Amino acid sequence: MMLSTDIWVAALIRRAELAGGFGIVARKGDARAGSVLVKVLNLEDKTTRLYSEATRGDGERIWMRPSLFDNEADLDRYIQKSLRIDPDLWVVDIEDKQGRHFLTEPVEDA
């Protein structure tokens with residue numbers, strides 16, 4: 001059984017905080033089944049990465065980078081386009097000195 005999105009997001013933010021990062025919900029989506037975008041700001045080098053959830057053909061939940069831009073303005077434009085397509089979308093911002101994303105599922109970096 002999968003967790004509802006609101007509980008999953010709360011757990012992600014808690015993991016970040018326990019490890020010394022900072023996380024906030026920048027936009028709430030559907031509490032039960034909304035998709036999630038995770039925007040990570042590396043406080044040391046000021047780069048930003050965006051992660052989007054996806055499902056492999058075998059049904060496994062993974063995370064990928066839907067945009068390879070690393071500046072925040074470009075990623076914010078991508079997020080705004082995504083919100084027009086999916087109004088149930090959640091956006092979580094994480095700030096970390098090392099740029100960690102704190103996702104526990106597999107992450108496929110392009």
Side-chain angles (χ1 to χ4, degrees):
M1 179 176 180
M2 290 187 59
L3 294 174
S4 64
T5 305
D6 56 348
I7 293 173
W8 186 91
V9 165
L12 174 65
I13 290 171
R14 182 73 176 140
R15 276 194 305 277
E17 290 172 347
L18 287 173
F22 175 76
I24 63 163
V25 175
R27 183 183 188 285
K28 282 188 179 183
D30 182 86
R32 294 213 176 267
S35 295
V36 181
L37 291 175
V38 177
K39 185 172 79 171
V40 179
L41 173 62
N42 184 325
L43 295 174
E44 190 162 309
D45 66 11
K46 302 299 183 207
T47 58
T48 307
R49 289 186 173 212
L50 186 66
Y51 298 93
S52 174
E53 61 183 323
T55 304
R56 283 192 187 144
D58 62 4
E60 181 181 15
R61 181 181 185 180
I62 62 167
W63 290 85
M64 55 178 254
R65 291 185 60 197
S67 173
L68 297 181
F69 292 114
D70 66 357
N71 84 41
E72 193 167 9
D74 289 331
L75 295 177
D76 286 342
R77 279 190 287 279
Y78 179 91
I79 290 168
Q80 290 307 311
K81 288 179 187 177
S82 298
L83 289 169
R84 285 192 295 271
I85 295 167
D86 182 2
D88 293 332
L89 189 64
W90 287 71
V91 179
V92 177
D93 289 352
I94 294 178
E95 295 179 358
D96 183 62
K97 290 179 184 175
Q98 300 167 15
R100 297 172 291 177
H101 50 65
F102 304 102
L103 300 165
T104 57
E105 298 86 2
V107 176
E108 294 186 356
D109 261 339

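Model, not experiment: these values are computed from the prediction.
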Rounded to the nearest 0.5 Å, how far does [atom2] of [Y] lie from [atom1] of [X]?
X	Y	atom1	atom2	value
F69	T48	CZ	OG1	13.0 Å
D96	L41	CG	CG	9.5 Å
L50	L37	CG	CG	5.0 Å
R65	Y51	CZ	OH	6.0 Å
E72	D93	CD	CG	7.0 Å
L75	R49	CG	CZ	10.5 Å

Specify the closest pair of heavy atoms between [X] and [Y], including all atoms of both residues, with the distance to one decimal.
X	Y	answer
V40	G99	CG1-O, 3.5 Å
A31	S4	O-CB, 3.6 Å
L103	R15	CA-NH2, 4.4 Å
T5	D30	CB-O, 3.8 Å
L12	H101	CD1-O, 3.7 Å
R27	L83	CD-CD2, 3.3 Å

Any sub-3.5 Å donor-acceptor pair from R56's side-chain atoms to I62's backbone N or O?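 No.
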
So does A19 get a backbone contact from the side chain of R100, meaning a donor-acceptor N/O pair under 3.5 Å?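 Side chain of R100 to backbone of A19, a donor-acceptor pair under 3.5 Å: yes, one is there.
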
State plainly whether one hydrophobic cluster holds both V38 and V9, where clusters connect Ile, Leu, Val, Met, Phe, Trp and Tyr through side-chain heavy atoms under 4.5 angstrom apart.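 Per the 4.5 Å side-chain linkage, V38 and V9 are co-clustered.
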
CZ/R32: more than 12 non-hydrogen atoms of other groups inside 6.0 Å: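 Not more than 12 within 6.0 Å, no.
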
Surrounding CD of E44 (heavy atoms of other residues, nucleotides or ligands, distance under 6.0 Å), is the total greater than 12?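 Not more than 12 within 6.0 Å, no.
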
Before you tell me yes or no, could you show the steps for W63 and E108 under side chain to side chain contact (heavy atoms under 4.5 Å, CB included), namely the whole-Å CA-CA distance, both residues' side-chain angles and the distance that decides it to 0.1 Å? CA-CA 6 Å; W63 290 85; E108 294 186 356; over 6 Å; no

Quick check on side chain to side chain contact (heavy atoms under 4.5 Å, CB included): which of L18, V92, I94 does I13 satisfy it with?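 Among L18, V92, I94, the one that satisfies the side chain to side chain contact (heavy atoms under 4.5 Å, CB included) with I13 is V92.
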
Within a strict 4.5 Å, meaning less than it, do heavy atoms of the D74 and S67 side chains meet?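 Of all side-chain heavy-atom pairs linking S67 with D74, none is under 4.5 Å.
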
